[in-house]
Amino acid sequence: MAGKASDKTPEKVNSKAQGRAAEQKANAAKEAAQETPNFRDPAYFYNRELSWLKFDERCLGEARDSKIVPLFERLKFLSITQSNLDEFFMVRIASLKDQVHAGYTGTDIAGMTPEMQLQALNEQVHSFVKEQYNTFNRMLVPSLEKAGLRFIADYETLSETQSRYLDRYFEREIYPVLTPMAMDSSRPFPLVRNKSLNIGALIMVKEEGDGGKSKKKKKSAEFATVQVPSVLPRVIELPNAEDGVRCVILLEEVIRKYIDSLFQHYDVICTCPYRVMRNADLTIDEDEAEDLLIEIQRQLKKRQWGEVIRLEVGEGIDKRLLKILRKEFAIGDDDLYYISGPLDLTFCMKLYGIDGFDAYKTPRYTPAPVKEFAEDENVFDSIRKRDILVHHPYMSFDPVVSFVKQAAKDPQVLAIKQTLYRVSGNSPIIHALAQAADNGKQVTVLVELKARFDEEHNIAWAKTLEKAGCHVIYGLLGLKVHSKITMVVRREEDGIRRYVHLGTGNYNDSTAKLYTDLGLFTCNEAIGQDATAVFNMLSGYSEPDRWYKLLVAPYWLKKSFLHMIARETENAAAGKPAFIRAKMNSLCDPAVISALYQASAAGVEIDLLVRGICCLKTGIPGVSEHIRVRSIVGNFLEHSRIFWFHNNGDDEVFMGSADWMPRNLDKRVEIVFPVEQEDLKAEVQRILMTEFDDNVKAHIMQPDGSYEKVNRRSRQPVNSQELFMKEAWEWVPKQKAQAGEKRFIPAEPVVGEDE
């Protein structure tokens, strides 16, 4: 009706409109919340231990690659897979078993309990071991035969000439070292050392019968064992076969051939090699330990006799013999491995070292001199001119050693301070530090006693340094000191100057020829101040009011990384160019991975070079579509850590000792340092991009967690390690460059889980 007033007053209309708007906003927020992924969802993470197995599979892939990898290099990679797997059992599997025994049911970042992890690992490790021996038996042994080296797996196939040779060799070289041990009512089952190779046997007392013929007594067989001596060569070269082929046999097979001579009044019914792996993860209560040095020494003695967590036996073992071993070692089905070949494939490194097969090995490499360090110039004069970048093993490690050696002798040097995590067996740096103390320098050395599997070694060096007059710090309570830093304090005409070396790798002149690492020499005043603060913190627990350049864990390194990742995320959200490029050994920190997922979801382009463990998943829609992960497995162990953040065009580049792992960011003293000199920053960026361009040794992570070699198609091959070797010698004068054509074949790499 035209004259009737409307009951919809403006106030009511506005109120309803506001209500609808609020409801729409709430629904939109709800939808947005539903669309935003939970970046901590366990489904977005790989289990750390299963990811580690993928790394060992990549090493095994090199052992199987007959197209690119020379035959004897493939032996080396197979040996590495064995040493890797041994350490994995002694530390990681052992830790999971400890958790199960303790009734721990918590889950990891992938949502797996310790028991679930052990079940998954059991299946995959058994499969992996089969693949190892398929590689050895079906691929490498036939290829070695074609190359002129015959591997004799069974002593019964020896020629008469070879048998006669071994008759003499066993009597002279082996028999005097052996110690047969029997088990009966008066002799209990012997203690079997961790990782030792042994031969088990069943024996029966002989009884003289008619005609002097022996016959077995009607009683059960007794157990006996012989340890294969580690002090003797395991690979024994024999006289050539009748067809002229060189032949080798393993020490344990020779002992099996002559084992009757060890039990002369017994019949040997059967023999079989076996090997045990024990829990070698040290349990150190630092809060209760009055003296950390004494406590670690005490725990080291237990390592050889820890719980048996794996038993390897030769395939075809007699059931009675196996029953005894299983009972004595308390081994279940999951921890029993039937081996179809020689136990402990690390002997392949000994095969690798046999002379006369250079055509089947990668040419040797000698590290190039570092051009910034002139032969006739004082190392400090060189550093004072400009910061110097060194790239090992392509460049010589000598300048790092000379840095400490010259400091030890230089009358202007007042003090030397250094952290040591792993050093070589005859370390020139240790000797230089001792000499410096003898020369009256103030020498402070932090020796990390808790460096896994180097504890005993480091204890010996620590005592040597103390006797020389050095002030030795035995690590820190509750933390491992993993940082790589050396500071030399020198009195000069214009006052006190601090010279600093910072690195991504250990002060180990041996592994410096095996591992790819980067180091920086500088006398930058701000870095020098921070270096002083680091050592004061290590020796006296004192923190400065401010830090200038260095990022230090466990204090603010993780926070700094998360801040830089968040900055790239904000830039991408604002439509600015944003990327992260980083290289490390391992990636498994949940906070960092979640931050990377968030960055990727915002559009940040992320390229990661992760050698080993990677718990991040690629290719998850809306989560990790902008993340790419690759791994390089080459002749040198990739070990450097580089972090490059675009920062809206004001690029920041860092290097250091820390991986993106909880143990590095939360439980260790680590140092990450900026590379600020423009030419050096550009060089580090170029190094990283060259490694991302590698299409020969690189493996690309797939969305399902597997890794595949790069498909080169028709592209020119890029092998980053070979390229760096070539580049390192390009500047060198012709005479020295010719010397550089000599190559370096490393001994067996130590692929430390603790690194």
Side-chain angles (χ1 to χ4, degrees), residues 48 109 286 417-422 446-452 473-487 500-507 517-520 526-527 529-567 580 582-596 608 610 612-613 615 639-645 652-675 752-755:
R48 169 194 164 131
I109 56 175
E286 295 182 53
K417 301 185 180 187
Q418 187 169 34
T419 59
L420 296 177
Y421 191 75
R422 300 187 195 277
L446 187 141
V447 180
E448 182 47 76
L449 298 185
K450 301 186 290 292
R452 185 175 288 134
I473 306 167
Y474 293 130
L476 297 181
L477 183 68
L479 298 171
K480 280 187 181 179
V481 179
H482 189 247
S483 54
K484 328 295 183 184
I485 182 170
T486 304
M487 181 175 71
V500 180
H501 173 267
L502 294 154
T504 67
N506 296 309
Y507 290 108
D517 274 304
L518 287 156
L520 181 73
I527 287 181
Q529 286 181 290
D530 281 355
T532 296
V534 166
F535 284 105
N536 288 345
M537 182 180 67
L538 295 177
S539 62
Y541 305 104
S542 62
E543 276 193 58
D545 294 332
R546 60 171 296 186
W547 294 80
Y548 298 94
K549 298 290 184 182
L550 302 184
L551 307 178
V552 181
Y555 305 106
W556 56 93
L557 175 58
K558 185 172 183 176
K559 187 182 294 184
S560 299
F561 276 137
L562 293 174
H563 166 73
M564 288 183 277
I565 295 170
R567 187 178 59 193
I580 298 168
K583 177 187 179 184
M584 64 205 75
N585 294 326
S586 299
L587 169 58
C588 59
D589 186 87
V592 172
I593 294 174
S594 297
L596 292 173
L608 303 174
V610 185
I613 299 165
C615 297
H639 191 251
S640 54
R641 290 93 166 180
I642 306 171
F643 309 97
W644 175 4
F645 300 91
E652 291 187 339
V653 175
F654 298 86
M655 305 190 303
S657 59
D659 294 310
W660 281 346
M661 303 180 74
R663 73 181 188 194
N664 295 95
L665 301 175
D666 301 325
K667 300 176 183 178
R668 290 182 172 184
V669 177
E670 304 275 11
I671 294 175
V672 169
F673 52 94
V675 183
E753 151 71 15
D754 215 31
E755 277 298 313

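All figures in this text were calculated on a predicted structure; none of them were measured in a lab.
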Output for pair (Arg668 CZ, Leu479 CG), nearest 0.5 Å, gives 10.5 Å

Rounded to the nearest 0.5 angstrom, the CZ-NZ distance for Phe535 and Lys417 is 7.5 Å

In this structure, CG of Leu587 is separated from CD1 of Ile593 (nearest 0.5 Å) by 4.5 Å

Non-hydrogen side-chain atoms of Ile671 and Lys484 separated by less than 4.5 Å: no

- Message: Do Thr419 and Val534 make a side-chain contact, defined as non-hydrogen atoms from C-beta onward lying under 4.5 Å apart?
- Response: no

message: When you compare the side chain of Leu550 with that of Leu502, does any pair of heavy atoms fall below 4.5 Å?
response: yes

Do Leu551 and Trp556 make a side-chain contact, defined as non-hydrogen atoms from C-beta onward lying under 4.5 Å apart? yes

Self-check item: Side-chain heavy atoms of Pro590 within contact of Cys615, under 4.5 Å
Solution: no

Donor-acceptor contact below 3.5 Å, side chain Arg641 vs main chain Thr504: yes

Between the CG atom in Leu596 and the CG atom in Leu562, the distance rounded to the nearest 0.5 Å is 9.0 Å

**OP:** Determine whether Asn585 and His639 make a side-chain contact, defined as any pair of heavy atoms from C-beta on separated by less than 4.5 Å.
**Re:** yes

For Ala582, the side-chain contact (heavy atoms from CB on, under 4.5 Å) test, sequence neighbours excluded, returns Met584, Leu608, Phe643, Trp660

Sorted by chain and number, sequence neighbours left out, side-chain hydrogen bond (donor to acceptor under 3.5 Å, both in side chains) with Glu670 holds for His482, Ser657, Asn664

Decide yes or no for Arg48 and Met661: does some side-chain heavy atom of the first lie under 4.5 Å from some side-chain heavy atom of the second?
-> yes

Checking the side chain of Gln418 only, and the main-chain atoms of Thr486 only, is there a donor and an acceptor separated by less than 3.5 Å? no

side-chain contact (heavy atoms from CB on, under 4.5 Å) filter on Ala531, not counting sequence neighbours, yields Ile485, Met487, Val500

**Q.** Lys/Arg N to Asp/Glu carboxylate O, Asp589 vs Lys558, below 4.0 Å
**A.** yes

Contacts of Lys583 meeting side-chain hydrogen bond (donor to acceptor under 3.5 Å, both in side chains) (sequence neighbours excluded), chain-then-number -> Glu638, Ser640, Glu691

The ring-ring contact (aromatic ring centres under 6.0 Å, His included) partners of Phe654 (sequence neighbours excluded) come to none

Heavy-atom closest pair (Lys549 atom, Ala526 atom, distance to 0.1 Å) is CG-CB, 3.7 Å

Sorted by chain and residue number, the side-chain hydrogen bond (donor to acceptor under 3.5 Å, both in side chains) partners of Asp530 (sequence neighbours excluded) come out as none

